[in-house]
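Letters A, B, ... are given to chains in the order of the sequence lines, protein chains preceding strands, and every chain is numbered from 1. Values reported hereafter were calculated over all heavy atoms of this structure, with side chains retained and with hydrogens, waters and symmetry mates removed.
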Amino acid sequence: MKLRVYRYNPDTDIEPRMQAFEVKSWPGMMLREALLEVRKQDESFAFRHSCGEGVCGSDGMNVNGRNRLACITPVAELKEPIDVRPFPGRPVIRDLVVDMTQFYEQYRNVRPYLVRKDPLPEAEVLQSPADREKLDGLYECILCGCCSTSCPSFWWNPEKFHGPAALLQAYRFLADSRDQATDERLDDLEGPYKLFRCHSIMNCVDVCPKGLNPTRAINKIKDLMLSHAI
Amino acid sequence: MSLPKRRFDSLIIGAGGAGLNAALRLSAADARVAVVSKVFPTRSHTVAAQGGVNAALANVLPDDWHWHMFDTVKGSDYLGDQDAIEYMCREAIPTVYELEHAGVPFSRLDNGRIYQRAFGGMSQNFGGDQAARTCAAADRTGHAILHTLYQQNLRARTHFFDEFFAIDLLRDEEGAILGALVLEIETGAPLVIEAKTTLLATGGYGQVFRTTTNAFINTGDGMAMALRAGVPLQDMEFFQFHPTGVAGKGMLITEGARGEGGYLMNVRGERFMERYAPKALDLASRDVVSRAIATEVREGRGCGEEGDHVLLKLDHLGRDVVGRRLPGISEICRTFLGIDPAEEPIPVFPTAHYAMGGIPTDRLGRVVAPARHGPEEVVPGLYAAGECACVSVHGANRLGGNSLLDILVFGRAAGNDIIQFLKEKPNHRPLPDSAVEPALARLARWDRKGEGETVHAVKADLRKLMEDHCGVFRTEAVMAEGVDKLKALRERIDGVRLRDHSQTFNTARIEALELDNLVDVGMATLMSALYRQESRGAHSRVDFPKRDDANWMKHSLYFREGDRMDFKPVRTKPLTVESFPPKERVY
């Protein structure tokens with residue numbers, strides 16, 4: 001099986017290049033395993049990975065032009081040679097490893113934590129199954145970054161536009177019946193950029209390896225803002 | 001010495017559930033706390049925990065923390081320390097409520113309370129009917145908890161060092177721990193972090209086995225650091241094989257799948273657990289179910305072309321239950337097996353999963369080791385919590401749902417004790433230059449250039465060796481041969497060379513440092529397993545098939561220096577209730 005991987009080591013390289021590798025595949029092989037085979041041939045090839053089952057969110061990368069999680073991408077589904085590049089739009093640290101600082105900063109900017117103002121009960125805060133269901137499709141985000149780094153609005157304005165991942169989390173707390181900071185959350189999202197730079201291009205929905213829908217969440221925030229304004 | 005140095009009140013190494021819950025206590029108390037993690041915190045392996053966290057909330061069926069305590073003591077095969085177990089089971093209840101208040105999206109019952117499911121080894125009324133004690137967020141409970149704890153730490157403004165690798169602890173001549181030498185992975189630059197207290201919360205070491213549910217990062221870093229600092233490791237022979245890893249691949253299929261009503265079948269279509277655990281059936285303790293599966297396969301009743309696994313049947317539960325309660329494992333089955341568990345059974349086999357043993361601590365999270373005045377003297381300034389620690393609440397076998405509980409309760413307890421420590425000892429102890437030298441030497445060793453074996457080759461041999469010589473069933477001859485081979489492998493490390501000596505994000509160097517750690521914890525495991533001449537919990541000796549309380553109801557301790565073994569007594573006296581004396585364990 002043929003792969004071409006993006007190589008760049010700032011210690012030794014002036015500019016990036018694509019390097020071809022040939023590895024033996026097996027039935028059910030995932031791209032992460034293929035990249036580990038590449039590492040056996042060349043230990044200087046760097047990429048992040050850990051759980052191998054799509055829950056830790058470490059191994060997001062651009063594969064044949066599309067952002068994916070390597071550990072849950074079967075190589076059999078990919079056209080050869082498989083082109084593997086770092087996430088677009090992020091500064092490359094080395095090979096497939098990119099600097100995600102801005103992505104995490106945008107996440108922190110949406111106050112991604114539950115806020116309770118009432119005194120806390122001794123036991124749990126009650127929540128109906130129907131209210132809990134409103135969090136499905138939101139809380140499962142693994143912060144892999146596939147969505148935000150495939151979003152043109154995030155490419156152009158990463159310091160101003162929160163991006164789909166952070167906005168999905170913003171809505172995760174707005175949608176939580178237990179949260180008591182709705183006004184502050186919505187006020188925080190005012191202005192032309194943070195939320196409203198989303199132009200419903202929907203790349204985020206297309207690439208999310210967990211099948212989540214940030215665009216829908218963003219539209220729901222927009223609806224909330226509208227009713228909030230009235 | 002021109003090394004950059006940072007000073008904090010408290011250093012936490014590891015950003016899983018234990019580290020983050022401790023950090024939350026400390027940040028809330030206005031302590032200056034640094035959390036060092038080799039991965040971004042939400043990548044820590046707590047994220048992969050599925051089924052849930054145990055607490056006797058009694059939301060579904062009657063329950064009592066005392067029953068939970070009984071189940072845990074029995075599950076531990078009477079090797080767990082009963083003071084720590086009582087503490088954990090009592091604290092479980094407020095701990096889960098605290099998590100809920102922090103935002104964990106637990107699944108809910110119709111009355112709005114937290115959903116609880118049945119899990120293995122759990123009973124009502126001291127061994128009676130099945131209990132429902134495991135609080136769940138679908139089958140993504142670890143993910144929900146880890147993200148929530150990280151989020152609340154952001155709110156508390158905890159100081160994170162993301163993608164920094166801890167090389168070694170720093171200690172002075174009196175043995176006090178003064179912080180750690182860490183490596184910034186992005187730049188390759190070493191950094192001294194000086195701290196009044198250091199908490200090891202580095203998780204497990206399943207990567208020492210070839211097939212494991214554990215992530216690539218679970219390499220026993222904290223345990224090996226403790227060993228190199230002269231601290232022994234406790235009860236390392238007890239390594240849990242989870243009954244239901246995806247056969248041949250290792251991904252975890254939660255015990256919650258059986259808790260929701262799934263069961264195991266052999267090639268004849270028999271529900272074979274009836275023969276091994278007539279009452280608890282598929283929800284017997286994990287050691288019991290794993291041995292049953294291994295026995296079925298060994299005796300020729302395995303499934304598949306090779307007869308090398310059994311099947312976990314869920315299709316009778318209906319698409320609604322499978323989809324709503326087990327969405328995560330449905331995804332795993334689709335992705336890795338191309339099957340829908342609501343229609344087809346899942347091929348499973350026992351898979352290396354969890355270390356019951358680890359760094360010995362008391363129930364406040366303080367690391368204790370034999371010294372002048374007894375077997376449990378506090379190592380000044382050093383704490384441990386979570387899978388890397390051995391409190392010991394799991395003894396010889398951990399119950400499902402008790403590991404998330406362990407990391408939360410004892411991470412919190414350690415945080416609280418550190419706050420007390422900082423009040424009593426407000427000053428840093430002096431850090432002599434000499435304290436950093438051993439850690440720098442460990443790092444410099446990997447700068448050696450030239451011909452030699454690769455890290456990858458030695459690591460692959462190690463993992464195969466551990467699987468072959470320290471699996472579910474063990475014998476003297478096989479383990480003794482394993483120890484010899486492992487000693488030979490340890491010698492080979494000296495001849496291993498890196499090809500890549502660059503500074504920027506050098507993952508090869510990190511893997512080399514992890515290999516050092518894996519070899520140390522592997523040796524602790526094999527040596528301890530060879531020494532214990534009885535069968536207890538997860539440690540099954542074919543040549544010593546019975547539990548031997550007269551000679552072996554004691555904790556083992558492995559010291560790295562001279563590969564020495566020692567022992568200390570089990571704490572059988574609980575805090576406030578009567579002790580549970582050892583009994584025969586039937587499910």
Side-chain angles (χ1 to χ4, degrees), chain A residues 9-12 28 30 39-40 42-58 72 74 93-95 97 99-100 104 107-108 111-116 120-129 131-132 135-136 138-143 169 172-173 176 178-179 210-211, chain B residues 39-40 42-45 47-48 57 59 96-97 100-103 105-115 137-138 140 142-144 147-148 151-152 154-155 162 186 215-217 249-252 327-328 331-332 335-338 454-456 498-500 502-508 511:
Chain A
N9 178 351
D11 296 3
T12 51
M30 297 290 168
R39 271 189 62 82
K40 280 188 203 167
D42 181 352
E43 69 177 26
S44 74
F45 168 56
F47 72 106
R48 295 184 179 108
H49 68 103
S50 179
C51 75
E53 55 185 41
V55 293
C56 79
S58 301
I72 54 171
I93 295 170
R94 174 177 181 167
D95 299 340
V97 179
D99 182 346
M100 295 292 279
Y104 296 135
Y107 174 67
R108 287 197 293 273
R111 304 191 203 202
Y113 41 78
L114 191 81
V115 177
R116 282 295 288 186
L120 290 165
E122 263 174 75
E124 65 267 63
V125 178
L126 298 180
Q127 185 173 48
S128 70
D131 278 341
R132 168 60 184 76
L135 307 182
D136 286 342
L138 304 172
Y139 83 95
E140 302 93 326
C141 172
I142 57 173
L143 296 176
Q169 289 312 298
R172 177 249 174 275
F173 290 99
D176 195 320
R178 301 170 298 172
D179 190 78
K210 305 307 282 184
Chain B
V39 294
F40 181 75
T42 64
R43 323 280 183 228
S44 308
H45 197 50
V47 80
L57 306 184
N59 285 356
V96 167
Y97 290 144
E100 193 281 329
H101 297 161
F106 282 111
S107 301
R108 298 289 172 152
L109 298 161
D110 285 340
N111 64 8
R113 298 204 172 274
I114 295 170
Y115 172 71
R140 302 189 179 103
H143 171 281
H147 279 252
T148 300
Q151 291 161 352
Q152 291 295 339
L154 290 179
R155 186 184 195 184
D162 296 337
E186 181 176 336
F216 192 79
I217 56 173
K249 296 177 185 262
M251 294 86 195
L252 176 67
E331 220 174 285
I332 286 176
T335 308
F336 293 98
L337 296 165
T454 63
V455 169
H456 169 262
L498 289 177
R499 277 74 182 153
D500 179 5
S502 55
Q503 293 302 309
T504 305
F505 221 100
N506 185 338
T507 52
E511 283 173 41

Report task. Check whether any side-chain heavy atom of A:T12 lies under 4.5 Å from a side-chain heavy atom of B:S502, and answer yes or no. Result ->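 Of all side-chain heavy-atom pairs linking B:S502 with A:T12, none is under 4.5 Å.
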Requested in this report: Please tell me if the side chains of B:F40 and A:L143 come closer than 4.5 Å, counting only heavy atoms from C-beta onward.
Outcome: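 Yes. Closest side-chain heavy atoms under 4.5 Å.
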Portion of [X] that has a non-hydrogen atom of chain B nearer than 4.5 angstrom:
X      : value
A:M30  : side chain
A:P121 : both
A:I72  : both
A:P10  : side chain
A:E140 : both
A:Y107 : side chain

Using every non-hydrogen atom in the two residues, find where [X] and [Y] come nearest and quote the distance to one decimal.
X      : Y      : value
B:A138 : A:Y139 : CB-OH, 3.8 Å
B:R155 : A:L114 : NH1-O, 3.3 Å
B:N111 : A:L126 : O-CD2, 4.0 Å
B:N506 : A:R94  : CA-NH1, 3.8 Å
B:T507 : A:R39  : OG1-NH1, 2.8 Å
A:V125 : B:E100 : N-OE1, 2.9 Å

I'd like to verify something: which residue of [options] has the highest number of heavy-atom pairs under 4.5 Å with chain A?
options                        : result
B:A508, B:P327, B:S44, B:P105  : B:P105
B:A144, B:A48, B:G103          : B:G103
B:L252, B:D162, B:L109, B:V455 : B:L109
B:M251, B:H143, B:K249         : B:H143

Quick one: pull up [atom1] in [X] and [atom2] in [Y] and give me the separation to the nearest 0.5 Å.
X      : Y      : atom1 : atom2 : value
A:K210 : B:E331 : NZ    : CD    : 4.0 Å
B:I217 : A:H49  : CD1   : NE2   : 10.5 Å
B:E186 : A:I93  : CD    : CD1   : 3.5 Å
A:C51  : B:H45  : SG    : NE2   : 8.0 Å
B:R108 : A:R132 : CZ    : CZ    : 8.5 Å
A:D95  : B:F505 : CG    : CZ    : 10.5 Å

Is [X] reaching over with its side chain to a backbone N or O of [Y], donor-acceptor style, under 3.5 angstrom?
X      : Y      : result
A:R178 : B:H101 : no
B:R43  : A:C56  : yes
A:R48  : B:V39  : no
B:H147 : A:I142 : no

query: With sequence neighbours left out, what residues match B:R499 under side-chain contact (heavy atoms from CB on, under 4.5 Å)?
result: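 For B:R499 the side-chain contact (heavy atoms from CB on, under 4.5 Å) partners, ignoring immediate neighbours, are A:E43, B:T454, B:R497.
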Top of [options] for chain B proximity - count of heavy-atom pairs under 4.5 angstrom:
options                     : answer
A:E122, A:M100, A:R116      : A:E122
A:D131, A:D11, A:N9, A:D179 : A:D11
A:S50, A:G52, A:S44         : A:S50

Counting only heavy atoms closer than 4.5 Å, note whether [X] contacts chain A via side chain, backbone, both or neither.
X      : answer
B:F216 : both
B:A102 : backbone
B:L498 : both
B:F106 : backbone

